[in-house]
There are 2 protein chains.
Amino acid sequence: MRQQLRSLNVIPEPETARKPGRPKGGRSEQTRERILDAAEQLFADRGYDGASIRDVASVAGLQIHSVGYHFGPKEQLFDAVVARRADIMTALRREALEEAKQRAGDGAIPIMQLVRDYVSPFIQSASHGDVGWRNYAALMGRLANSPLGTEIIARHYDETARAYIAELQRALAGAEPEDVVDGFSAMVAAMLGICAATGRPERLSGRDGQRPPEDSFETLVRFHTAGFLALTSA
Amino acid sequence: MRQQLRSLNVIPEPETARKPGRPKGGRSEQTRERILDAAEQLFADRGYDGASIRDVASVAGLQIHSVGYHFGPKEQLFDAVVARRADIMTALRREALEEAKQRAGDGAIPIMQLVRDYVSPFIQSASHGDVGWRNYAALMGRLANSPLGTEIIARHYDETARAYIAELQRALAGAEPEDVVDGFSAMVAAMLGICAATGRPERLSGRDGQRPPEDSFETLVRFHTAGFLALTSA
DNA sequence: CACTAATTTATACGTACGTACAAATAAATT
DNA sequence: AATTTATTTGTACGTACGTATAAATTAGTG
């Protein structure tokens with residue numbers, strides 16, 4: 001009876017954040033992380049529509065409704081998966097950019113530095129053994145060219161992207177702004193392609209295992225730095 | 001009764017190609033094209049799992065089962081969508097490569113020529129107003145970093161990709177083969193990103209409409225040619 | 001310990017999916 | 001014109017989906 005009443009007046013679901021007063025390592029927090037990990041993996045493997053909430057709950061070792069209880073509808077769960085590590089990634093990039101600005105003083109930040117600072121956090125995270133980050137990187141690659149993905153990426157990544165583009169523009173005096181954006185887009189696309197671990201580079205080169213992403217990272221930096229520099233000589 | 005008998009002994013569905021003896025512009029052929037067009041658009045917009053066979057039939061103006069009749073299970077329909085234009089794309093690239101080889105004689109083909117020849121057919125097709133090609137380009141972008149997509153792309157595009165990579169390698173004497181493959185992958189990723197028309201470049205540059213893909217194409221050629229050249233100076 | 005709130009479980013609903021079968025129609029062939 | 005084949009239609013099956021409700025359980029608090 002009590003239960004029933006409670007169930008009728010509800011605004012029952014937290015659906016978003018931990019209640020402020022709750023301990024950080026509490027049961028709820030752990031469950032939320034388990035759900036996010038499972039969703040991250042399944043969304044990366046099968047895409048948004050290919051991964052079901054049932055699968056997520058199953059991988060997380062929970063009943064179906066726990067997922068909805070903690071995150072609400074599917075789209076909110078998806079957004080939470082993206083947001084979790086986007087916040088970390090953005091913080092790292094912001095930090096690197098501030099440091100580079102300090103070092104550059106009044107001058108422009110070197111192109112290679114900007115390329116390195118933007119790409120490095122992502123590739124390092126995706127190659128440092130953490131399966132969560134690897135899944136996240138694959139998921140981002142999948143999202144890049146999809147409508148749903150673009151919308152979410154915009155929300156979580158565009159602001160920092162604009163900050164880097166502004167510095168690139170400053171360093172590439174004389175280059176067309178739209179060329180710089182195209183170059184930046186190319187850089188991001190390459191970064192995501194490397195971390196998506198599709199196996200295509202191996203197939204195209206005849207290699208048997210995946211090339212260490214750190215090696216590809218160095219190549220990417222050289223390659224794209226040269227690309228950006230070529231945009232000044234219109 | 002007759003019908004019933006026929007229905008029992010069946011191997012009923014063509015599921016694949018036109019019967020050789022049938023006219024090319026016949027009813028069946030037209031229906032198949034309509035289905036492929038509808039599927040192309042829906043797969044591009046919603047992804048493989050997000051697009052249902054029902055939707056495809058509906059957009060094509062047909063009953064559900066007509067789709068299965070002509071193309072069999074969903075995966076075969078998907079493959080047919082990719083294959084249709086992949087064959088055209090591959091032919092154009094092969095042709096351009098042969099021509100470039102002729103022009104180069106015994107020497108290596110210039111890097112810029114190789115970049116141009118590989119990317120041009122795709123971007124030109126995607127920007128020449130044909131909504132079918134635009135949908136196809138968006139679909140390829142979506143596919144690039146997904147497992148299902150990679151498998152299909154490998155089947156339809158890897159052979160020609162390897163031919164271009166071999167020439168790039170020849171032109172970039174001294175560059176590490178794996179660097180060249182990474183550069184090629186970066187080029188393809190950028191090409192797909194441009195044609196995916198996600199709206200992100202506009203958002204990042206403050207532009208209001210999409211930049212003409214031909215303009216982005218010229219930028220891409222300059223950018224990536226310089227990138228490749230930077231791979232020689234190890 | 002009692003009690004309240006937070007979380008998890010169990011179950012169910014309505015819908016949409018991919019696929020299949022049998023019948024009806026249209027085209028092609030003889 | 002008759003008859004066979006190719007194509008389209010109409011309908012149905014079994015399954016899985018996202019979501020919701022209600023009950024049971026766990027944890028925190030006085």
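A, B, ... follow the sequence lines: proteins, then strands. Residue 1 opens every chain. As the structure is a computational prediction, the values presented were derived from the model and not from experiment.
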Q) If you take all heavy atoms of B/F122 and B/M89, which pair is closest and at what distance? A) N-SD, 3.6 Å

Q. CZ of A/F78 versus C1' of D/dG18: gap in Å, rounded?
A. 16 Å

Q. A/R54 side chain: which of D/dT11, D/dG18, C/dA6 is closest?
A. D/dG18

Q.
Nearest whole Å is fine: how far is D/dA22 C1' from A/Q63 CD?
A. 14 Å

Q. Parallel, tilted or perpendicular for A/H65 and A/Y69, by the 30°/60° rule?
A. tilted

Q. Checking all strands, does A/A51 fall into the base, sugar-phosphate, or nothing category for heavy-atom contacts under 4.0 angstrom?
A. sugar-phosphate

Q. In whole angstrom, what separates B/H65's NE2 from C/dA22's C1'?
A. 10 Å

Q | Below 4.0 Å: OP1/OP2 of D/dT8 and any side-chain N or O of B/T31 | A | yes

Q) Has A/S52 got a side-chain N or O lying under 4.0 Å from the OP1 or OP2 atom of D/dA16? A) no

Q) Could you give the CG-to-P distance, from A/D49 to C/dT15, as a whole number of Å? A) 20 Å

Q.
Closest approach to the side chain of A/Y69, judged atom by atom: which nucleotide of D/dT8, C/dA6, C/dT9 is it?
A. C/dA6

Q | From CG (B/L114) to CD (B/E167), nearest 0.5 Å | A | 6.5 Å

Q) Which atom pair, heavy atoms only, marks the closest approach of A/A186 to A/H224? A) O-NE2, 3.8 Å

Q | Test item: A/Y136 side-chain N/O and A/V82 main-chain N/O as donor-acceptor pair under 3.5 Å | A | yes

Q: Among the candidates C/dT19, D/dC17, D/dT19, find the nucleotide nearest to the side-chain atoms of A/I64.
A: D/dT19

Q) When you check the phosphate oxygens OP1 and OP2 of C/dT8, does a side-chain N or O of A/H70 lie under 4.0 Å from one of them? A) yes

Q) Expressed in angstrom and rounded to an integer, what is the separation of B/I53 atom CD1 from D/dA12 atom P? A) 20 Å

Q. If pairing requires Watson-Crick or G-U wobble contacts with both distances under 3.5 Å, which nucleotide is the partner of D/dT26?
A. C/dA5

Q.
How many whole angstroms separate atom CD of A/Q76 from atom P of D/dG18?
A. 15 Å

Q: Using a 4.0 Å heavy-atom cut-off across all strands, classify A/A57 as base, sugar-phosphate, or nothing.
A: nothing

Q: Starting at atom CD of B/E29, determine the distance to atom P of D/dT7, rounded to an integer number of angstrom.
A: 10 Å

(Q) In this structure, how many angstroms lie between the P atom of D/dT26 and the CG atom of A/L62, rounded? (A) 14 Å

